[in-house]
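Note sheet for the following structure.
Values below: every heavy atom of this structure, side chains too, minus hydrogens, waters and symmetry copies. In what follows, every chain begins at residue 1, and chains take the letters A, B, ... in the order their sequences are listed.
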Amino acid sequence: DTAVSQTPKYLVTQMGNDKSIKCEQNLGHDTMYWYKQDSKKFLKIMFSYNNKELIINETVPNRFSPKSPDKAHLNLHINSLELGDSAVYFCASSQKSGGWTEAFFGQGTRLTVV
Amino acid sequence: GNSVTQMEGPVTLSEEAFLTINCTYTATGYPSLFWYVQYPGEGLQLLLKATKADDKGSNKGFEATYRKETTSFHLEKGSVQVSDSAVYFCALSANTGNQFYFGTGTSLTVIP
């Protein structure tokens, strides 16, 4: 039973299109994240939500809009896709209990903009 | 602020060689420290963790000790296998924040 699942796994689309990536976790965690991994494997935090509330919104173009309908879901919508958006996007979740538990990651969505 | 610095790769080792990947951190408060592994085409998986000073995390023959005096969390394995080829990330989570801070990743290739 997958803990953090995101769909789709691969997404190829043309510049200018709008696309969404969905993420769901069944761990009962309060906090969910979106990370972007570039071609050099560097991981950059994009957003963090705690109990459906936006906590972290890093310097990300406003073409990227996260939406958390409930604490088990965090979706990422991207408008007007650009070539530079090509990357692997990871959803993750964690729980604060004393200190933080480890983050659990989804399998990633490889986005290719052509 | 919070940050993680890990040794640059790529690292190439022969099977059964000793592995060390260095990781140092800067943090406010008392962070928890983690090593994650990413196999090709997959997401990140937790390899091991340590939540307080002098804790040793271990898993699958890998070990790392939380050293507060040197702000380090170096990853070691006594004898690597071809199946250990992956990218390894050092990370921290600080009690003061709501995110995980990752190092730049170290690519390891083990050759037979």
Just distance, no hydrogens or angles: give the donor-acceptor pairs under 3.5 Å from side chains in residues 8-16 of chain B, sequence neighbours left out.
none

Can you give the donor-acceptor pairs under 3.5 Å from side chains of residues 9-16 of chain A to other protein atoms, not counting sequence neighbours?
unit_1	atom_1	unit_2	atom_2	d
A/T13	OG1	A/N17	ND2	2.9

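Remark: aromatic rings of A/F47 and A/F64 are distant, center separation not under 6.0 Å. Taking the six-membered ring wherever Trp is involved, the centroid distance between the rings of B/F102 and A/Y35 falls below 6.0 Å.
Neither the backbone nor the side chain of A/Q6 comes within contact range of chain B; no heavy atom of the residue lies under 4.5 Å from a heavy atom of that chain. With a threshold of 4.5 angstrom between heavy atoms, B/F89 approaches chain A through side-chain atoms but not through N, CA, C or O.
Ranked by heavy-atom pairs shorter than 4.5 Å toward chain B, the options A/K44, A/R110, A/Q107 are led by A/Q107.
For A/K22, the NZ atom is loosely surrounded, since the number of other residues' heavy atoms within 6.0 Å does not exceed 12.
Of residues 37-47 of chain B, those residues lying under 4.5 Å from chain A by any heavy-atom pair are B/Q38, B/G41, B/E42, B/G43, B/L44, B/L46.
When all heavy atoms are compared, the tightest approach of A/F90 to A/Q37 is CE1-OE1, 3.2 Å.
Every residue two or more places apart in sequence or in another chain that forms a side-chain contact (heavy atoms from CB on, under 4.5 Å) with B/F18 is listed here: B/T20, B/E76.
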